[in-house]
Amino acid sequence: MCACRCGIRVHLRDGAIRYIDGNPEHPINKGVICAKGASGIMKQTSPARLTQPLRRRAGAERGAGEFEPISWDEAFRILEERLAKIRTTDPKKFALFTGRDQMQALTGLFARQFGTPNYAAHGGFCSVNMAAGMIYTIGGSFWEFGGPDLERAKLFVMLGTAEDHHSNPLKIAISKFKRAGGRFVSVNPVRTGYSAIADEWVPIRPGTDGAFLMALTCELISQGLYDRDFVARYTNGGQLVIVDPKSPRFGLLAVDEDADPVNPLYPQNQLWWDRHSNGPVITHTPNTDPNLFGDFTLTDGTRVQPAFQLLADRVRTHTPEWAESITGVPAATIRRLAHEMGITARDQKIELPIAWTDCWGNEHQTVTGNPVAFHAMRGLAAHSNGFQTVRSLAILMSLLGTIDRPGGFRHKAPFPRAIPPSAKTPTGPEGVQPNTPLAGLALGWPGSPEDLFVDEEGGPVRIDKAFSWEYPLSVHGLMHNVITNAWRADPYALDTLMIFMSNMAWNSTMNTVEVRKMLNDRVSGGETEGESEGETEGETRGEYKIPFIVVCDAFHSEMTAFADLVLPDTTYLERHDVMSMLDRPISEFDGPMDAVRVPVLPPTGECKPFQEVLIELGSRLKLPAFVDASGARKYVDYPDFIVRHETEPGSGIGFLAGWRGADGEKSMLGEPNPGQWEMYAANNCIFKHEMPPSYRYMRNWNRGYMEWAQRTRLRRWGDPILIHLYSEVLQRFRLAAQGKWPGRRPPERLAKRVETYFDPLPFYYLPLEVQATDVEKYPLAAITQRPMAMYHSWDSQNAWLRQIHAHNYLFINPRTARAQAIEDGAWLWIESQWGRVRCMGRHSEAVEPGTVWTWNAIGKQSGAWALAPDANEARKGFLLNHLIADELPALDGRISNSDPITGQAGWYDVRVRIYPAGVEEEKSVFPIFPALKAVPGMRSVPRKWLAYFAGKEIGE
Ligand code: SF4
């Protein structure tokens with residue numbers, strides 16, 4: 001039900017759900033199920049279910065929730081007509097943005113085939129800094145794509161991780177780890193969830209983890225506690241960087257121009273300064289060993305230094321004392337932790353008797369592990385300094401020699417990937433053409449300014465300005481910018497915005513009050529030029545600034561109220577789904593793994609899986625991937641698409657890697673197998689490919705693995721993936737900003753920004769919002785996390801889970817609360833420079849004194865999610881988003897409140913003050929919004945029923 005993708009078993013009685021339990025045979029959760037998973041039964045029966053396609057009633061205002069039911073035929077007719085017109089004129093006027101779904105390979109394919117660049121999922125406002133910061137450094141990242149090997153680790157350090165992130169799998173792993181005597185340290189402003197069972201809680205101020213990590217790195221280097229051999233061979237620490245400022249290649253890696261680069265896209269002709277011969281050699285030349293420190297001059301007079309020397313110089317002044325004043329973590333603690341990490345990695349080494357061969361032909365008899373493991377997520381990522389913070393973490397992990405080694409961090413297929421991965425977007429507006437698929441992917445991995453998706457003036461091509469000079473490495477897009485940009489027609493206006501499974505009018509928007517106005521705002525005055533669907537004939541009001549909004553969701557959320565067209569989605573129990581290698585598989589450390597869901601119940605009412613909507617639309621619009629050569633529909637339905645679609649004709653690669661080939665005898669690659677679904681169903685719905693032990697470790701540099709990964713087309717190239725302690729990619733952008741890059745340059749107004757933040761070495765800076773805040777007036781950091789029992793905003797319609805959380809509090813350290821005369825349980829105001837919210841507070845020792853925090857998305861708009869208008873969620877529950885801004889003032893206007901490198905939303909950067917509410921004030925939250933109405937097709941439920949048994953609701 002959530003992104004952890006545990007295996008479940010749904011038990012039916014007379015066609016209704018009796019109960020749900022964890023699947024003991026499933027490798028992810030091994031039978032464990034969480035509160036949410038077991039309560040899926042109430043999700044299925046929720047009165048908030050949408051059950052019919054709906055059209056906004058003629059003349060009704062958006063947001064008023066006035067709809068009329070229409071047939072699917074009518075819904076498809078409206079969409080086909082509208083989208084066909086857009087596609088033949090200007091495909092970028094159609095935008096498709098999706099939430100935390102599990103079908104991005106399909107949604108991305110649809111958008112690309114349509115020809116729009118305006119596609120992304122929710123990564124830009126979730127944890128893109130985590131993905132990008134790690135992948136641009138070590139070629140892999142946490143969660144689906146890699147994680148801590150807690151089976152063998154001795155020390156586990158978790159940073160900025162929500163209380164049940166990666167829920168059941170991580171809970172199982174931590175419990176085993178602790179029973180085996182491992183030590184668990186949690187670095188987090190808040191001590192709940194995992195942090196509550198840590199052996200040591202290190203409270204830290206939000207947004208300062210970068211300083212903490214750099215101080216640890218400073219200590220490791222100054223104490224000589226880094227893994228010298230690992231750094232020398234497997235990172236670019238030994239590679240020589242041109243340090244002569246007059247050189248046109250200043251800051252780039254020195255190469256031997258006469259040597260074969262092997263792969264020009266990922267050249268292999270960089271230089272080391274060999275310790276034995278005291279001269280330059282091509283990197284990894286046999287019997288050489290690089291100097292990690294020094295200052296050298298090449299024969300042509302170019303001054304060079306090893307990248308590691310530059311890193312050591314960078315962190316030298318970043319002492320624990322320096323970090324203490326920023327992070328609030330005592331210098332002695334930082335020093336002690338650095339020492340503990342260093343000696344655990346050095347003195348408790350693991351040697352596994354596994355022979356393997358590296359990419360340079362050296363044979364190794366064992367695999368070595370340095371048993372210090374890390375896990376981190378949104379607490380590091382959701383800041384506008386998050387990319388450089390995550391780079392700092394990846395570098396610390398690398399210095400400890402823990403990458404893809406036992407007891408450290410291990411990749412999961414299809415990772416590791418090249419740095420940066422080879423997928424690219426188009427590079428200019430000409431990549432978007434009428435009636436033509438997009439000339440590249442909508443989302444890619446820029447390696448230099450030439451890979452940006454910009455026009456001749458350097459302006460953005462995408463509506464969210466991703467891959468422009470404002471956010472060059474915005475590899476997951478910036479969904480949080482879409483509504484504001486489209487409303488402002490900057491860089492242009494949209495025609496149709498389709499949103500799937502994302503609550504952009506509530507908890508997924510940083511500026512909720514204003515965004516709701518934007519969704520409902522019209523071009524000022526005058527006649528409409530062409531009426532929108534739903535508009536009464538002859539109306540004289542201007543057209544909506546976002547003319548047509550389509551929302552596909554299973555539930556009546558705050559967002560559905562703003563739709564012109566609502567498409568009712570199924571629940572996860574009513575449809576086929578794939579956890580695909582082309583998207584987010586469920587791979588384990590030891591090999592690729594994917595999974596399917598098969599429906600256990602028929603769709604409710606007229607609900608239709610969103611995948612079927614896309615296949616239908618793709619066929620009607622005759623998008624090439626969805627029709628045959630004659631233009632006839634190619635796929636009967638989604639299951640048929642999954643079985644028969646190949647990434648290219650005859651590639652043998654489809655959405656599922658298991659049971660391929662005509663009879664299901666092949667895996668990873670093979671012709672389509674008509675019986676593939678049945679074979680998955682007969683095998684617990686999972687496919688697992690176990691790699692031989694010699695391919696399971698050191699995959700960045702493992703020849704056997706690389707050859708296998710190329711054969712199975714998990715990887716395009718077989719070159720070693722050296723860790724980028726020093727990021728030449730970032731330096732290319734910085735050179736462009738300095739006017740020294742031979743190619744593209746940023747517009748003048750952005751040059752300073754790019755030059756500042758595209759530092760090839762990690763650095764710490766105050767988050768942009770904090771830079772723009774009077775911190776004397778607003779001294780506290782305010783952050784959120786989702787509660788263990790609810791998955792974002794999805795679960796407030798769940799009768800069982802509501803009994804755990806029906807409203808939230810602001811949690812405040814007692815010292816901080818008392819300083820403001822705020823009693824435990826009292827009503828109070830929390831105020832930022834952008835707005836204020838009235839809520840209830842609780843004293844809690846489990847939060848550091850400079851931080852206040854709450855659950856995200858428990859507070860609801862009255863009437864949404866089929867809750868009673870006076871439900872606790874609406875009267876006592878509050879949304880912190882009202883205090884957060886999506887844009888910050890900039891010299892020339894406004895700029896998104898996002899990381900300047902990746903565009904990651906700076907959710908956790910807001911600064912606030914708190915003060916008691918007056919005794920005369922109302923005892924309810926502020927702000928409050930008008931109650932939403934139920935929409936046609938929602939079943940009315942007597943408010944009294946108290947029990948449910950296998951499909952029967954039993955009242956008092
Ligand atoms: S963690 Fe997520 S996938 Fe696993 S049982 Fe709970 S809700 Fe289901």
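Order of appearance sets the numbers: ligands from 1, and atoms from 1 within every ligand. Values reported hereafter were calculated over all heavy atoms of this structure, with side chains retained and with hydrogens, waters and symmetry mates removed. What you see is a predicted model; the values in this text were computed from it and never measured.
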Evaluate ring pair (Phe, Tyr, Trp, His ring centres under 6.0 Å) for Phe641 paired with Phe655, printing each intermediate quantity in order.
CA-CA 9 Å; Phe641 167 84; Phe655 274 53; 5.2 Å; yes

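The residues Arg575 and Asp569 are annotated as salt-bridged, a charged nitrogen and a carboxylate oxygen being separated by less than 4.0 angstrom. Salt bridge Arg410/Glu151: absent, no basic N to carboxylate O contact under 4.0 Å.
Ring orientation note: the planes of Phe811 and Trp855 are nearly perpendicular, at an angle over 60° on the 30°/60° scale. Between His122 and Phe125, the angle of the ring planes goes over 60°, which puts this pair in the perpendicular group of the 30/60° scheme.
Closer than 4.0 angstrom to ligand 1 sit non-hydrogen atoms from Met1, Cys2, Cys4, Arg5, Cys6, Ile33, Cys34, Lys36, Gly37, Ser167, Asn168.
Around the NZ atom of Lys154, the shell of radius 6.0 Å holds no more than 12 heavy atoms that belong to other residues, nucleotides or ligands.
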